[in-house]
Protein chains: 2
Amino acid sequence: MTERTAAHAGGNQRRKRPTMLDVAREAGVALRTVSRVVNNDPTVGPELAARIRQAILALDYAPDEQARQLRRGVSGIIGAAVRNLSDAHPVLSSVDRTARENRMTVLAMSTEDEEQRERDAVLSMCRRRVDGIIMEPISTNHQYLASEIESGMPVVAVDRPTGGVAADAVLSDNAAGIGLGFRHLVLHGHQRIAYIGDQERVFTGRERAAAFRACTAANGGTLEGRVHTGVIEPAFIAAALAATLGGDLPATALITGNAQTTIEVLRQLGSAAGDVAIVGFDDFLLADLLRPGLTVVAQDSATIGRTAIELLLARAADHSRPVQTVTVPVELIARGSGELPPR
Amino acid sequence: MTERTAAHAGGNQRRKRPTMLDVAREAGVALRTVSRVVNNDPTVGPELAARIRQAILALDYAPDEQARQLRRGVSGIIGAAVRNLSDAHPVLSSVDRTARENRMTVLAMSTEDEEQRERDAVLSMCRRRVDGIIMEPISTNHQYLASEIESGMPVVAVDRPTGGVAADAVLSDNAAGIGLGFRHLVLHGHQRIAYIGDQERVFTGRERAAAFRACTAANGGTLEGRVHTGVIEPAFIAAALAATLGGDLPATALITGNAQTTIEVLRQLGSAAGDVAIVGFDDFLLADLLRPGLTVVAQDSATIGRTAIELLLARAADHSRPVQTVTVPVELIARGSGELPPR
DNA sequence: TTGAAAGCGCTAACAG
DNA sequence: CTGTTAGCGCTTTCAA
C-alpha cells in the first residue's frame with residue numbers, strides 16, 4: 001500500500017458555516033424572511049427575495065437539514081435494515097429508486113443475518129427518527145418494535161413477515177414459485193425431484209419446503225429422502241447431494257430453495273452440474289452465463305421494493321389504515337438447467 | 001399481486017413519544033440530571049440514577065438522536081455516494097463494517113454514474129451535516145465541493161481521484177494490475193494480447209489503457225488494433241471483439257478493463273469463451289463457477305473501504321493534516337481462463 | 001452532586 | 001408582506 005502525501009490540506013483554516021441568521025444580517029432582513037425564501041414561500045416581495053437570494057449565494061449558504069427536520073418533525077429518511085449490503089441486493093436498489101422519486105433518502109444498515117444486529121439497526125433508526133423502516137426480518141419476534149409502531153413509526157417487512165406485532169409486509173409468492181418450478185420439471189419428464197433449501201425455522205425456508213411437499217404429494221411421488229432443509233453450509237449441501245443423487249433411485253431433478261443454496265450446489269456439483277436438472281429459487285447476476293444456463297424462479301425485486309415504499313408512505317399518511325400483506329408474483333425463467341431431460 | 005388485509009392497525013391511537021422532560025418529571029428530577037444519566041455521566045448519585053433509569057424504562061424512553069446531534073454538532077453518519085447499490089458492492093460493505101466498528105452509520109446514496117446525481121447526493125449529504133463523505137467520483141470536476149471542504153467536511157474519494165479540489169483518496173494500483181495480467185498471459189505463451197475497456201475519460205479506464213499500452217510496448221508488441229476503449233455497451237463490445245479476434249493475426253488473449261466489460265465479453269463470446277485466454281480486471285461473485293473459471297485481477301475491497309474510513313476519521317480529527325492518496329495493491333487470481341494456451 | 005437557563009439552526013404561530 | 005416570539009429535544013455553561 002503506497003501513500004502519497006501532498007503538501008498541505010486545502011482547508012487548513014476551517015471556515016465557519018453561515019447560518020440563516022448570517023444571511024438575514026447580510027440581506028438586512030429578519031430571519032423569518034430568509035426562511036420564507038428558502039422554503040419558496042410566495043409571500044415575499046420580489047426585490048426582497050432577490051436580495052436574500054443574492055446574500056445566500058454570496059455567503060454560500062445551505063440550510064441545515066438536521067435542524068430543519070428537528071423542527072418540522074420529519075427526517076426525510078427511510079431506514080432499510082437489510083441482510084447485507086455487499087451481495088447484489090436488487091430490492092435495496094429498487095427501494096432507493098422509489099424513495100428518491102418521493103424525495104426521500106435511504107439509510108441502509110446491514111443485519112448480517114443476526115438477530116441482535118437487526119434489533120440494533122432498527123432501534124437506532126427509530127432513535128434517529130427516520131420517517132419509516134423497511135426491514136428484512138431476521139428475528140421471529142418483533143415485540144421490541146411494539147412501542148415504536150404504537151408511536152406511529154411505519155414499519156414494512158419485506159421477504160418475511162414480522163412476528164409478534166402487526167406490520168405491513170411484502171412477500172414473494174413462495175408457494176406459486178415452487179409450483180412453477182415443480183411443474184416445469186415434471187413437464188420435462190422428471191418424476192424423481194428433490195428439494196434442498198434453507199432451514200425451516202426461516203419463514204421462506206418453511207414456506208418453500210411445505211410447498212414442495214404439497215407438490216410432490218399432489219404428483220403422487222414419495223417424500224422419502226427428497227426434502228433436505230438446514231443451515232446452508234458446504235457440509236449440509238454435500239450431505240444433501242449425496243442423499244438425493246446417490247442410491248438406487250436417485251433424483252433426476254433438483255429444486256434449490258434460494259440463491260445461496262443454488263450457488264453452493266453448483267459449486268459442489270462442478271462439472272457434474274449438467275447431469276441433473278436444476279431449478280433455483282432466486283435469480284442472480286451471471287446465472288445466464290453458466291453452462292447450462294440456470295433456470296430460476298425469479299422474484300420481482302423491483303415491484304417488491306416499490307410496493308414496500310408505497311405501503312410505508314401510505315401508513316405514514318394514515319396511521320389507522322388496516323395492516324396489509326402484499327404478495328408479489330414470481331416468474332420462471334428457463335435457461336437450460338431446468339430443461340435437461342432425466343437420465 | 002395479492003393483498004391481504006387485516007382487521008385493523010395495531011397503533012390506531014398514536015401515542016406521543018416521551019421526551020427527556022417527561023422522564024425528568026416522572027423521576028421528579030431536573031432535565032439536566034436525566035441527560036447526565038443518558039450520557040453515562042458518573043457525577044450522579046447512585047440512587048437518583050436508579051430512579052431515573054427506572055423512569056426511562058417505565059416510559060419506554062429513547063433519546064432523539066436528531067436533537068442530540070443538532071446540539072452536539074456531529075451526526076454520527078458517514079455519507080457514501082457510490083455508483084449503485086444493486087450490484088455487488090464489496091467496498092460499500094467494507095465501509096459499512098468499518099463504520100460500525102467506529103460507532104458510526106452509513107448513509108448510502110447511489111449516483112447511477114450520473115454527474116448530476118453525484119452532485120445532488122453529495123450536496124444533500126452536506127446539508128444533512130454528515131460527519132464525512134466517501135465518494136466514488138463520477139464527475140471530473142469537484143469545485144462544487146470546495147466550500148464544503150473548506151468548512152471542514154472530510155471527503156475521501158475511492159477508486160478515482162477528485163478533480164479541482166484536493167481531497168484524500170484511496171485508489172487501486174491499476175498499472176500494477178494490468179502488469180500482473182499482462183505478464184501472466186505472456187508467461188502462458190501469448191504474444192498477441194488485446195485490451196477492451198472503459199472510455200478513457202474515466203480515470204480508471206485511462207490508467208488501465210495506458211498501462212496496457214506501456215506493457216505492450218515494453219514487450220515489443222504492436223498496439224495497432226489491440227486497444228479498444230469506449231462506453232461499455234453491447235455494440236461497442238461486439239465491434240471490439242470482431243476487431244481483435246478477426247483478421248489475419250487475431251489476438252489470442254484478452255484483458256478486459258472492468259467487471260462490466262468482462263461480463264459483456266463473456267456473454268457475447270458464449271461458448272467460444274474457451275477459445276481465447278481472458279484476464280478480467282475486477283473479481284465478481286460466481287467468476288469461479290464459469291467454465292473455464294475466470295482469471296481476474298482482484299481489487300482489495302476490504303482494504304479500500306477500511307482505509308477510506310480511516311482517512312475520513314483522521315481528517316475529521318485533524319483538519320490540517322496533509323492530503324493523502326493511498327494506493328492499494330491488487331492481486332491476480334488464476335482460475336483457468338487466463339491459463340489457456342494460444343491457439 | 002444537582003438545577004436553572006441559554007442556546008444548536010431552523011420553522012411556525014401570531015402580530016403588525 | 002414582514003418581523004417578533006416561541007419552541008423542536010437535546011447538551012452545556014454556570015451557579016447553587
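None of these values were measured; they are calculated from a predicted model. Residue numbers begin at 1 in each chain, while the letters A, B, ... track the order of the sequences.
Between B:Asp22 atom CG and D:dG9 atom P the separation is 9 Å, expressed in whole Å. Taking atom CD1 of B:Ile52 as the reference point, atom P of C:dT2 lies 8 Å away to the nearest angstrom. Put simply, CD on B:Gln66 is 13 Å from C1' on C:dT11, counting in whole angstrom units. In this structure, the CD atom of B:Glu65 is 11 Å from the C1' atom of D:dG9, given to the nearest Å. Atom CG in A:Leu59 sits roughly 14 Å away from atom P in C:dG9 (whole-Å rounding). Summarising the geometry, the separation between CD on B:Glu47 and C1' on C:dT2 is reported as 13 Å, rounded to the nearest angstrom. D:dC1 atom P lies 10 Å from atom CG of A:Asp41, rounded to whole Å. Rounding to whole angstrom units, CZ of residue B:Arg127 and C1' of C:dG9 are separated by 15 Å.
The closest donor-acceptor contact from the side chain of B:Glu136 to the backbone of B:Arg83 lies under 3.5 Å.
Comparing C:dA12, C:dG7, C:dA4 by their nearest atom to the side chain of A:Arg72 picks out C:dA12. Proximity note for A:Met20 (side chain, C-beta onward) versus C:dT11, C:dA4, C:dT2: the nearest is C:dT11. Listed nucleotides: D:dC10, C:dC10, D:dT2. Nearest to the side chain of A:Asp64: C:dC10.
A donor and an acceptor atom, one from each side chain of B:Ser94 and B:Asp96, are nowhere located under 3.5 Å apart.
B:Arg68 has a side-chain polar atom (N or O) that falls below the 4.0 Å cut-off from OP1 or OP2 of D:dT11. A close approach under 4.0 Å does not occur between any side-chain nitrogen or oxygen of B:Ser35 and OP1 or OP2 of D:dC10. For D:dT2, the OP1/OP2 oxygens have no side-chain nitrogen or oxygen of A:Thr33 closer than 4.0 Å. Contact annotation: A:Thr19 side-chain N/O to C:dG9 OP1/OP2 distance is not under 4.0 Å. A sub-4.0 Å separation between OP1 or OP2 of C:dT1 and a side-chain N or O of B:Thr43 is absent.
Using a 4.0 Å heavy-atom distance criterion, A:Leu48 is classed as a sugar-phosphate-only contact. When heavy atoms are screened at a 4.0 angstrom cut-off, B:Ala30 is found touching the sugar-phosphate backbone but no base atom. Heavy atoms of A:Val38 sit nowhere under 4.0 angstrom from any nucleic acid atom.
In this model, no side-chain donor or acceptor of A:Arg71 finds a partner on the base of C:dG9 within 3.5 Å. With hydrogens and angles ignored, a donor-acceptor pair closer than 3.5 Å exists between the side chain of B:Arg36 and the base of C:dG3.
Other residues, nucleotides and ligands contribute at most 12 non-hydrogen atoms within 6.0 Å of the CD atom of B:Glu47.
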- Task: Check the pair B:Asp41, B:Thr43 against side chain to side chain donor-acceptor pair (under 3.5 Å), reporting the backbone distance first and the verdict last.
- Result: CA-CA 6 Å; B:Asp41 186 323; B:Thr43 72; 2.9 Å; yes
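Between B:Leu70 and A:Arg32, the one whose closest nucleotide on DNA chain C sits nearer the 5' end is B:Leu70.
Salt-bridge annotation for A:Glu101 and A:Arg306: absent, with no side-chain N of the basic residue lying under 4.0 Å from a carboxylate O of the acidic one. Looking at B:Asp64 and A:Arg127, no side-chain N of the basic residue comes within less than 4.0 Å of a carboxylate O on the acidic one, giving no salt bridge.
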